[in-house]
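What follows is a set of notes on a single structure, which appears directly below.
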Amino acid sequence: MSGVLTMGSLDPAFSAATRVDGEPIVLDLRSVEFVEPAGLCGLAALLEYLIPRCEEVNLALAGRDVPAYLERMNFFRLFGGRVRTNADVASLEERRRHNPGTLQELINFHTEPEIPGIIERISEILENQGYRLKERVAICSVLSEVCANAAEHGASSFGAYAAVQAYHHIVSGPRRRGEEVLVAIADGGVGVRETLSRNTEYAEHTTTDNDALRLALEMGVSGTGEIGRGGGLALVAQIAARAGGSLSLRSGTGRVTVYENRKNSRNVPQFPGTFVRVSLPRIPSQEKSSK
Amino acid sequence: MPEKRAQRVFEVAGGGFGGKLMVTRSTGRAVREALEEALVELPKGGVLYVDTRGVELMDYSFADEALGILASRGASGEYGDRHVVLVEEDRDLLENVEASLRQRSLAMIRVDELGGEPAIVGEVPDHLVATLQAIYDAGSITNAALAAKLGLNHTACNNRATRLAKLGLIHRHIETAAPGGRQYSYERIV
C-alpha cells in the first residue's frame with residue numbers, strides 16, 4: 001500500500017478480495033499518509049464486498065492523521081460497527097469537529113431523490129470557497145450526473161458512496177499551486193459492461209470492460225437505447241477535461257481515464273461495481289502558461 | 001402581422017421543485033408534468049413561456065427529462081397546436097439544454113426576456129435555417145410569398161415550413177383562398 005490512498009492504490013486489496021473465503025482478514029493501511037475521496041469511496045466499496053464474505057475485517061491504521069481524517073469524513077460512523085480497527089476511534093469522536101467548509105463527508109445513498117440534497121451541500125461548500133457560479137455549475141453538474149448514474153444503474157446492495165474534497169493546492173500528480181476539487185463515487189452494481197450489453201446494438205463493442213467503458217463515454221450511449229439518454233457521463237468528461245482535469249471510470253477489469261487531449265485505458269483487478277473519480281483543478285494562469 | 005396568442009409564463013425556480021438547483025431525472029419529470037399540465041390548459045395556438053432564469057444549475061439529466069422530452073412530445077403533436085418558448089439568457093445553463101435538444105435533433109425558440117428577440121437553442125437542419133429566418137423576418141407570410149422569397153417551388157417550401165411547424169418553431173395555418181382553393185401561411189410564435 002503506497003502513502004496515498006486512492007483508487008489505484010487499493011488494487012492489490014481488490015485482487016486479493018476475490019480469493020477470500022470466510023476467514024478473518026486484516027486490511028493493512030499503515031503505510032497510508034494521505035486519503036483522497038477516491039480512496040475513501042474505494043475503501044467503502046471494498047469493505048462492502050469483504051464484510052459479507054469474512055468472519056471479521058480488521059483495519060490496521062498508523063499515526064493519528066489518517067484515522068482523524070477518516071473519522072472527520074464519517075467513515076467510522078458508517079463502518080465503525082462492522083469492522084475492527086487499532087485506531088482509537090472513541091477519542092477521535094470526542095474531538096470538536098472543525099468544519100473547514102471544503103468537504104462532503106462520505107455519504108451513502110440509494111435513490112435519486114437523495115441526490116439534490118447532496119448537490120445542495122456541495123454547492124454551498126463551493127460558494128463558501130469562493131468558487132464562481134460558472135465553476136459551481138460545472139462541478140455540481142458533474143456530481144449530480146455521476147450520482148444519478150450510480151443510483152439508476154447501481155442495483156447495488158449497498159447503494160452508492162460519494163465523497164468530495166476541495167483542496168487549496170493541486171493534489172493529482174505532483175503537488176503544485178492551484179486548487180482542486182476531487183469527486184469520487186462508487187457503487188456495487190452490475191457494472192458498465194453488463195448495463196450496456198442489454199442494448200443489443202452494442203454487442204460488438206462490449207467484448208471487454210475497457211471497450212464498454214470507452215463506449216459509455218460517448219454521447220448518447222445507454223443500456224436502454226432511448227434517445228436523450230447516455231449524455232451525462234460524456235458531458236462530465238468534457239467538463240473535467242476542459243478544466244484541465246480528468247475523469248476516470250472503472251468497472252469490472254477496465255479503467256479508462258479521459259484527459260483534455262487523450263484517453264487512456266488499462267486492465268486492472270476486478271472492481272465489483274462502477275467507480276468514478278473526477279478531478280476539477282483551478283490552475284493559476286501563470287502556472288498554465290509556464291507548462 | 002402575427003395574430004395575438006394566448007400565453008402563460010411558467011417560472012421553473014418558483015414551482016417548489018428544486019429551487020435554484022435542478023438536478024436528476026425525477027425532478028425533471030416532475031417539472032415536465034407541471035409544464036404539460038400548463039401547456040394543455042392553453043387554448044390552441046397558445047404559447048407557454050418556460051422561464052428558467054431563476055435556476056442556477058440544471059444538469060443534463062434534468063434538462064433532457066424536463067425540456068428534451070417536452071420538445072420531443074411537442075414535435076410528435078402530443079400537445080396539439082401549442083408552443084413552448086424558453087425564457088433564458090445566453091449563459092452556461094443553456095449548455096445542457098442545447099446538448100439534450102441536439103441529441104434529439106430538436107430545437108426550441110429562446111428569448112432573453114418576455115418580448116425579447118427570438119433565438120434558437122438546439123438543432124435546426126441547415127437547409128431550414130433560411131426558411132425559419134424568412135418567416136421570423138416577415139412575422140406572417142403565405143407559402144406562395146415565402147416560396148418566392150426563397151426561390152423554392154411551392155411544394156418544397158411547404159415541406160420545409162411543415163417541418164419547422166412540427167418542431168414547434170412556427171405556427172402554420174390554412175387560409176381559404178379563391179373558390180375551392182386554400183393556401184398555407186406561417187407565423188412566428190413570438
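Chain naming here is simple, since letters A, B, ... match the order of the sequence lines and numbering starts at 1 in each.
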> Which atoms of A/S123 come close to chain B, meaning under 4.5 Å heavy atom to heavy atom: side chain ones, backbone ones, both, or neither?
Replying inline: side chain

>> For the interface with chain A, which of B/L93, B/D59, B/T27, B/V23 has the highest count of heavy-atom pairs at distances below 4.5 Å?
In response: B/D59

> Side chains of A/E114 and A/T111: do they bring a donor and an acceptor to under 3.5 Å?
Replying inline: yes

> So what's closer than 4.5 Å to chain A heavy atoms on B/M22: side chain, backbone, both or neither?
Replying inline: neither

> Has the side chain of B/R53 got a donor or acceptor atom that lies under 3.5 Å from a matching backbone atom of B/E88?
Replying inline: no

>> Can you confirm whether more than 12 heavy atoms, excluding those of B/D126, are under 6.0 Å from its CG atom?
In response: no

> Does the side chain of B/Y60 pick up a donor-acceptor pair with the side chain of B/E95 at under 3.5 Å?
Replying inline: no

>> Report which part of A/L133 has an atom under 4.5 Å of a heavy atom belonging to chain B: side chain, backbone, both, or neither.
In response: side chain

